[in-house]
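Read the structure below first, then the notes.
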2 protein chains.
Amino acid sequence: MYVSFDIEQFIQDFSQSCKKVQIKSFNKNVVITSYIQKRDQLCILISGSADLVRYDLNGNRTIIDHFSKHDIFGEVFYDITTNNELLVESKENCEVLFFSYNDIHNKCKPNCKFHEKLSEHLPELILDKVTTLNMRIELLTKRSTRDKLLGYFNLLSTKALNKTFTLPFSLTDLADYLSVDRSAMMREIKLLKNENIIKKEGKKITLLSN
Amino acid sequence: MYVSFDIEQFIQDFSQSCKKVQIKSFNKNVVITSYIQKRDQLCILISGSADLVRYDLNGNRTIIDHFSKHDIFGEVFYDITTNNELLVESKENCEVLFFSYNDIHNKCKPNCKFHEKLSEHLPELILDKVTTLNMRIELLTKRSTRDKLLGYFNLLSTKALNKTFTLPFSLTDLADYLSVDRSAMMREIKLLKNENIIKKEGKKITLLSN
DNA sequence: ATTTTTCTGTTGCAAAAACAACAAAATAAA
DNA sequence: TTTATTTTGTTGTTTTTGCAACAGAAAAAT
């Protein structure tokens, strides 16, 4: 990761120093924000986890993005509003920092430490996001459910520096995240087990290949 | 778009002012750069168009990203190297500006105008990229070929402010971009025509729905 | 201007994925 | 700790997608 910047420390030190910045708390399974129009809002997840989900006209639910501690999200990243509803839903109790993208540029106050620091480090935060999105695209463009699963497992294995790792999702959510049918995915996981390509105990997965 | 910054002007004014910055020219259908390791490289496409493509072990070709004038790309956006080969291939004759991400922060020279300007505007450039990537993910997570096509057509229609628009791709490349089989996509396009949902004359498409 | 190559459009068939529906297990809530 | 809810695991059937192969059109190269 390129983010050398200590977000934790930054939030602790400076989030109180600017009145334009808000911290809000949310319970589990509530809507944190919805992407309706092209607003200016940027958010940093301080604690907890949340999903950006789309509900299409048929009621299908897709996890467009998954956020955990220190991830940034917000409507500012979306250009054109589609017909579908985009919601950020908390998966656990969450604390979220809200601020406005334009305030970073229109220098808040000459000595607002919060916006000064943020302005300095925003490129690395966003760059980090680009990296995540590119990985996601890598996965989604894979031809088959099998390749998506193995691609994702390899990713987690690489991150964990270990052939064994734990899924950060429920299997139901994993299917949404990989944009495949859950039962079809389960069938494929069973095949991967039978072919001794993976081992699975609950959410703990081990790659046996290579 | 959030990019108010005039890239054209910027490149003309400042690209000569810093020796660390290189401009290279490429013919059509050649490899501009390959993503092999986690390097520091950032590129801006000055003219022409190019694709970021993946060749997997089965020889399948997927267009991961499509770049046109003023798009930024580079290995800096990719975190973990997969087993697959990622190449940026020119689709037309291209001019590309190469520079290093870290140079932007490690202030090049006290009075290097190029890096100063770039540092100032990089967030909006990258933000723009995030927006594009998010749209792409929106498309790729659609359940069916039909939904992907209609999603993409709606996007182009919205961009063009018109029910009629022109595909920026060949149909072959469109299939790669949407990550679906070409013949299956052609079949779906035929159905959309038969059901009077779209009209198609070559690469000119009209949305008839709504 | 002619040849070569790429792109488009089509189709039958095979394979994969989605849909649907249900029981068992696990988790959360009362 | 009992009840309700969500998640997991499974399977038969239908639908969609991918594969393969080919001919004609268009574009590019010679």
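Only this structure's heavy atoms are used, side chains among them; waters, hydrogens and symmetry mates stay out. Order of the sequence lines sets the chain letters (A, B, ...), proteins ahead of strands, with each chain counted from 1.
Over its length, the helix from dA1(C)-dT30(D) to dA30(C)-dT1(D) turns its helix axis by 70°, as judged from the five terminal pairs at each end, rounded to 10°.
Here the P atom of nucleotide dT15(D) and the CZ atom of Arg146(B) are 15 Å apart, to the nearest Å. Counting to the nearest Å, the P atom of dA26(C) and the CD atom of Glu201(A) are 13 Å from each other. Between Met185(A) atom CE and dA16(C) atom P there is a gap of 18 Å when expressed in whole angstrom units. In this structure, the NZ atom of Lys148(B) is 12 Å from the C1' atom of dT16(D), given to the nearest Å. Look at CG on Asn27(B): it is 15 Å from C1' on dA28(D), rounded to the nearest Å. Nucleotide dT16(D) holds its C1' atom 14 Å from the CG atom of Leu192(B), rounded to whole Å. Atom NZ in Lys204(A) sits roughly 18 Å away from atom C1' in dA26(C) (whole-Å rounding). Atom CG of Leu178(A) and atom C1' of dA18(C) are 15 Å apart (whole Å).
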For nucleotides 4-12 of chain C, just jot down a letter per nucleotide in 5' to 3' order: B, S or -, based on protein non-hydrogen atoms under 4.0 Å.
---SBBBBB
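Comment: Glu124(B) does not engage Lys129(B) in a salt bridge, judged by the lack of any side-chain N to carboxylate O separation of less than 4.0 angstrom.
Remark: Glu92(A) pairs with Ser49(A) by the side chain to side chain contact (heavy atoms under 4.5 Å, CB included) rule, at least two apart or across chains. With sequence neighbours excluded, the residues forming a side chain to side chain contact (heavy atoms under 4.5 Å, CB included) with Ser170(A) are Thr172(A), Asp173(A), Lys203(A), listed by chain and number. For Lys193(B), there are no salt bridge (charged side-chain N to carboxylate O under 4.0 Å, His left out) partners at least two apart in sequence or on another chain. For Arg182(B), the salt bridge (charged side-chain N to carboxylate O under 4.0 Å, His left out) criterion is met by no residue, not counting sequence neighbours. Applying the ring pair (Phe, Tyr, Trp, His ring centres under 6.0 Å) rule to Phe153(A) yields the partners Phe165(A); only residues at least two apart in sequence or on another chain are considered. Annotation: side chain to side chain donor-acceptor pair (under 3.5 Å) contacts of Thr166(B) (sequence neighbours excluded): none. Remark: Lys190(B) engages no residue in a salt bridge (charged side-chain N to carboxylate O under 4.0 Å, His left out) (not counting sequence neighbours). Partners of Asp181(B) by salt bridge (charged side-chain N to carboxylate O under 4.0 Å, His left out), not counting sequence neighbours: none found.
The phosphate of dT17(D) (OP1 or OP2) has a side-chain N or O of Thr145(B) nearer than 4.0 angstrom.
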Output one line per pair: protein atom, nucleotide atom from nucleotides 27-30 of chain C, and distance, for all N/O pairs under 3.5 Å.
none

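Aromatic pair Phe169(B)/His66(B): ring centres closer than 6.0 Å.
Among pairs with a residue in residues 21-33 of chain B, none fulfils salt bridge (Lys or Arg N to Asp or Glu O under 4.0 Å), at least two apart in sequence or across chains.
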